[in-house]
Engineer: 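Sending over a structure as structure tokens; questions will come in a sec.
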Protein chains: 2
Amino acid sequence: MKEGPDIARVAALIGDPARANMLTALMSGRALTATELALEAGVTAQTASSHLAKLHEGGIVAARKQGRHRYFTLDNPDIVELLENLMGIAQRTGHNRVRTGPKDPALRKARICYDHLAGEMGVALFENLQQRQFIVFDDSGEMRISKQGAAFVQDFGLDLVQMRQMRRPLCRECLDWSMRRSHLAGALGAGLLQRMFELGWARKSNESRVIDFTPTGEKAFYDLFAALPNN
Amino acid sequence: MKEGPDIARVAALIGDPARANMLTALMSGRALTATELALEAGVTAQTASSHLAKLHEGGIVAARKQGRHRYFTLDNPDIVELLENLMGIAQRTGHNRVRTGPKDPALRKARICYDHLAGEMGVALFENLQQRQFIVFDDSGEMRISKQGAAFVQDFGLDLVQMRQMRRPLCRECLDWSMRRSHLAGALGAGLLQRMFELGWARKSNESRVIDFTPTGEKAFYDLFAALPNN
DNA sequence: CGAATGTTTCGATTAAGATCGAATTATGAA
DNA sequence: TTCATAATTCGATCTTAATCGAAACATTCG
């Protein structure tokens with residue numbers, strides 16, 4: 001009865017509402033200070049400090065001191081994956097009283113999921129890339145980028161060679177809890193969003209996970225990522 | 001501060017030690033009764049009943065009534081994935097006082113991880129398949145089975161065509177918490193273990209997650225899965 | 001230096017929920 | 001039917017930990 005790693009320890013750390021709120025906020029991929037996280041979680045700074053100490057001790061978040069601030073981030077990619085996983089299950093098993101998407105329409109439309117695009121636009125992007133067979137599933141059911149897809153994203157300005165050298169998988173599916181459909185994660189998902197920022201199509205909102213697209217940026221997005229296969 | 005799915009709800013369900021023990025036991029892939037789970041968790045039947053009601057209500061476990069027993073299983077593959085994920089993190093972030101593997105040597109050697117082989121033999125299997133390039137990582141970093149690999153497993157007696165029709169991915173890596181290295185999960189991992197049972201190489205232990213190999217079975221296993229690439 | 005801001009420590013309070021004994025319901029066996 | 005076993009419900013107890021006020025500590029700025 002006492003074999004194996006102590007999953008209760010880790011799960012309990014995430015299982016407190018205040019801490020879960022903090023972790024959700026950190027899914028924005030941004031480093032946040034203790035005070036910001038306190039605000040996000042709806043608790044006082046003292047309480048937040050205690051929670052953050054626990055999360056840090058437990059290896060869930062990493063802390064970095066800078067001046068009189070302490071910045072926190074999620075400690076490891078597998079933590080991100082765990083939280084994504086949790087969100088999917090929480091969404092699926094949540095009582096029906098819960099609305100199918102976030103209250104905030106902007107959040108539902110485009111938000112950051114750690115470092116890639118989620119929400120309606122994220123799902124649209126993913127499904128378009130699939131339709132055009134830029135992303136395909138091979139025999140073993142694994143997702144990968146096709147030759148045409150590689151050409152397409154390089155044309156868009158991504159350095160595929162460099163991205164392939166990262167230990168992180170290039171293509172990964174991530175269940176979108178607001179849409180209940182998949183969007184693109186992995187190095188490719190992150191790279192595409194990064195490039196959209198560079199092109200000035202969009203920028204991160206400062207106080208939430210919303211991604212703000214400029215009108216021109218949004219038009220360019222749909223021009224490029226809503227094209228049909230046979231165009 | 002209150003956006004998105006309620007991950008705290010799910011995490012808190014897993015975060016209680018008694019419930020975590022039950023879920024770990026269910027990772028054996030076997031359907032267990034309430035009493036068995038009570039024993040496993042080290043609590044009385046009343047307490048277990050209350051926990052199981054919560055897990056069921058929360059969509060974590062599925063219940064099936066049979067006679068005067070109630071059998072419980074993990075409700076969904078993504079729950080299994082979540083637990084595997086949690087085990088990996090719990091192992092990685094666990095304090096060093098924790099030994100690097102399970103106490104029970106048999107458990108460390110070969111155990112069931114939901115429906116596939118884990119432990120030393122699981123890791124050996126996975127690494128051998130990789131060495132012989134039966135399992136390869138393609139450009140996008142995704143794992144898949146090679147042509148030679150497909151021939152090999154079909155020769156072993158698996159029906160690849162049927163396995164590919166399952167929605168479940170064929171090859172998946174699963175971090176082995178006792179070895180801190182990967183073993184093979186997914187439909188292929190499950191199929192291989194299944195076939196080993198059929199061949200009489202091994203059988204599930206009745207009261208733990210240990211997989212008992214017969215002497216002949218173990219020899220056959222190492223003969224087949226410890227061969228070098230150039231043999 | 002002193003003032004302001006960010007963070008942590010300490011201590012006391014309080015709320016949530018894990019636990020079990022006793023009793024109850026359900027099913028199968030004799 | 002009667003008995004035994006499995007599972008649940010109820011009620012009471014008790015432990016854990018979340019919370020915040022007050023105060024201390026750290027760092028930057030003027």
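Per chain, numbering begins at 1; letters A, B, ... match sequence-line order.
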Engineer: CG/B/L193 to CE/B/M121 distance, rounded to the nearest 0.5 angstrom?
Structural biologist: 10.0 Å
Engineer: In this structure, how many angstroms lie between the C1' atom of C/dT19 and the CG atom of B/N21, rounded?
Structural biologist: 15 Å
Engineer: Tell me: CG of A/L37 to P of C/dG6, nearest whole Å?
Structural biologist: 14 Å
Engineer: Rounded off to whole Å, could you give me the CZ-to-P distance for the B/R68 and C/dT27 pair?
Structural biologist: 11 Å
Engineer: Using 4.0 Å as the upper bound for N to carboxylate O, is an ion pair formed by A/E36 and A/R30?
Structural biologist: no
Engineer: In this structure, how many angstroms lie between the P atom of C/dT7 and the CE atom of A/M22, rounded?
Structural biologist: 11 Å
Engineer: In this structure, how many angstroms lie between the C1' atom of D/dT5 and the CG atom of B/L39, rounded?
Structural biologist: 15 Å
Engineer: Quick one: are A/R164 and A/L160 in side-chain contact, heavy atoms under 4.5 Å?
Structural biologist: yes
Engineer: Quick one: A/R64 CZ to D/dT27 C1', roughly how many Å, whole number?
Structural biologist: 17 Å
Engineer: Less than 4.0 angstrom between a side-chain N/O of A/H69 and OP1 or OP2 of C/dT7, yes or no?
Structural biologist: yes
Engineer: Starting from P on D/dT28, measure out to CD on A/Q66 and report it in whole angstrom.
Structural biologist: 10 Å
Engineer: Check this for me, if you would: do A/E57 and A/K54 make a salt bridge, where the nitrogen-to-carboxylate-oxygen distance has to be below 4.0 angstrom?
Structural biologist: no
Engineer: Should the ring pair A/F156 and A/W201 be called parallel, tilted or perpendicular, given that the plane angle runs from 0 to 90° and is split at 30 and 60?
Structural biologist: tilted
Engineer: Expressed in angstrom and rounded to an integer, what is the separation of B/R9 atom CZ from C/dA16 atom C1'?
Structural biologist: 18 Å
Engineer: Can you name the side-chain hydrogen bond (donor to acceptor under 3.5 Å, both in side chains) partners of B/S49, sequence neighbours left out?
Structural biologist: none
Engineer: Decide, yes or no, whether a salt bridge links A/E84 with A/R172 under the criterion of side-chain N to carboxylate O below 4.0 Å.
Structural biologist: yes
Engineer: Within less than 4.0 Å of OP1 or OP2 of C/dT8, is there a side-chain N or O belonging to A/R70?
Structural biologist: yes
Engineer: Which nucleotides of nucleotides 9-21 of chain D have their base under 4.0 Å from a protein heavy atom (B), which only their sugar-phosphate (S), and which neither (-), written as one string 5' to 3'?
Structural biologist: B--------SSBB
Engineer: Let me know, please, whether B/A34 or A/K65 comes out on the 5' side of the other along DNA chain D by nearest nucleotide.
Structural biologist: B/A34
